[in-house]
Peer 1: 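Here it is, the structure, as structure tokens.
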Amino acid sequence: MKKIIGIGSALVDILTRIDNDEVLKEINIPKGSMQLVDEKSSAVIEKKLENYESSMAPGGSAANTIHAMAKMGIQTGFISFIGKDETGKFFENSMNSVGVNPYLFHSDTASGTARTIISADGERTWATNLGASLEINEKVITPEIFKKWDYCYVEGYLIANKPVFVKTISTAKECGCKV
């Protein structure tokens with residue numbers, strides 16, 4: 001069976017059900033939207049939602065794909081940055097629990113989160129803080145990472161980081177990975 005490594009944002013999805021959309025107005029996020037937020041805004045949102053029940057799941061576009069493939073028995077790996085915090089530990093443990101081979105670099109920056117606020121009518125609103133995952137850089141992309149993999153799955157959002165995007169594709173191809 002072919003082996004697949006992915007690269008992208010390591011995020012933890014924090015899912016919170018709300019009973020009243022007033023909280024969305026209070027945190028100034030339009031219902032049904034996805035907003036990128038900084039660490040300070042993320043903390044304010046967390047405080048506003050602390051009285052609601054929340055659950056966590058590993059997240060991030062490529063990470064979700066790699067996680068699902070691992071659950072189907074495919075040998076997978078994942079490259080990203082996480083914080084040296086409980087959120088990062090949760091992400092790493094979640095990936096390890098399904099057999100993903102992690103290439104996770106640790107940062108002093110908080111781990112990334114995708115706060116999913118679910119309204120009573122089921123509409124989802126996101127406040128995403130990319131956190132440590134933004135620190136991925138071309139220096140960590142080495143041939144040693146790609147040598148044992150057949151395919152490299154690149155998160156589409158990575159195109160915004162052209163140096164990493166180009167280095168990932170060229171290094172993976174040099175090592176015989178199809179991208």
Peer 1: May I ask you to check whether T116 and D13 show a side-chain donor-acceptor distance below 3.5 Å?
Peer 2: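 There is no such pair between these side chains.
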Peer 1: Please check this pair: side chain of K173 against backbone of V179, looking for a donor-acceptor N/O pair closer than 3.5 Å.
Peer 2: no
Peer 1: Just by modelled atom types, is the S61 backbone N or O under 3.5 Å from a matching donor or acceptor in the E155 side chain?
Peer 2: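 Yes; judged by distance alone, with no hydrogens or angles, the pair exists.
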Peer 1: Are side-chain heavy atoms of F81 and T109 found at a separation under 4.5 Å?
Peer 2: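 Side-chain contact under 4.5 Å: no.
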Peer 1: Considering residues, nucleotides and ligands other than E53, do more than 12 of their heavy atoms fall under 6.0 Å from its CD?
Peer 2: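 It does not: E53 CD has 12 such atoms or fewer within range.
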Peer 1: For residues I117 and I27, report the shortest heavy-atom separation together with the two atoms involved.
Peer 2: CD1-CD1, 3.7 Å
Peer 1: For residues 68-83, which residue pairs pass the side chain to side chain donor-acceptor pair (under 3.5 Å) check, not counting sequence neighbours?
Peer 2: none
Peer 1: Could you check whether any side-chain heavy atom of D19 comes within less than 4.5 Å of a side-chain heavy atom of Y52, counting everything from C-beta outward?
Peer 2: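 Yes; the side chains approach each other to less than 4.5 Å.
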Peer 1: Step by step, would you call V164 with I7 a side chain to side chain contact (heavy atoms under 4.5 Å, CB included)?
Peer 2: CA-CA 10 Å; V164 173; I7 182 170; 4.3 Å; yes
Peer 1: Supply the atom-to-atom distance C152 SG to I79 CD1, rounded to the nearest 0.5 angstrom.
Peer 2: 6.0 Å
Peer 1: Who are the side-chain contact (heavy atoms from CB on, under 4.5 Å) partners of E46, not counting sequence neighbours?
Peer 2: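 E46: side-chain contact (heavy atoms from CB on, under 4.5 Å) contacts with R115.
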Peer 1: Could you give the distance from CD1 (I5) to OH (Y151), rounded to the nearest 0.5 Å?
Peer 2: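 Between atom CD1 of I5 and atom OH of Y151 there are 15.0 Å.
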Peer 1: Mark yes or no for whether D85, through its side chain, and S111, through its backbone, hold a donor-acceptor pair below 3.5 Å.
Peer 2: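 Judged by distance alone, yes, a pair lies under 3.5 Å.
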Peer 1: Looking at K167, I'd like to know if its NZ atom is crowded, meaning that more than 12 non-hydrogen atoms belonging to other residues, nucleotides or ligands lie closer than 6.0 Å.
Peer 2: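 It does: K167 NZ has more than 12 such atoms within range.
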Peer 1: Can you name the salt bridge (charged side-chain N to carboxylate O under 4.0 Å, His left out) partners of K2, sequence neighbours left out?
Peer 2: none
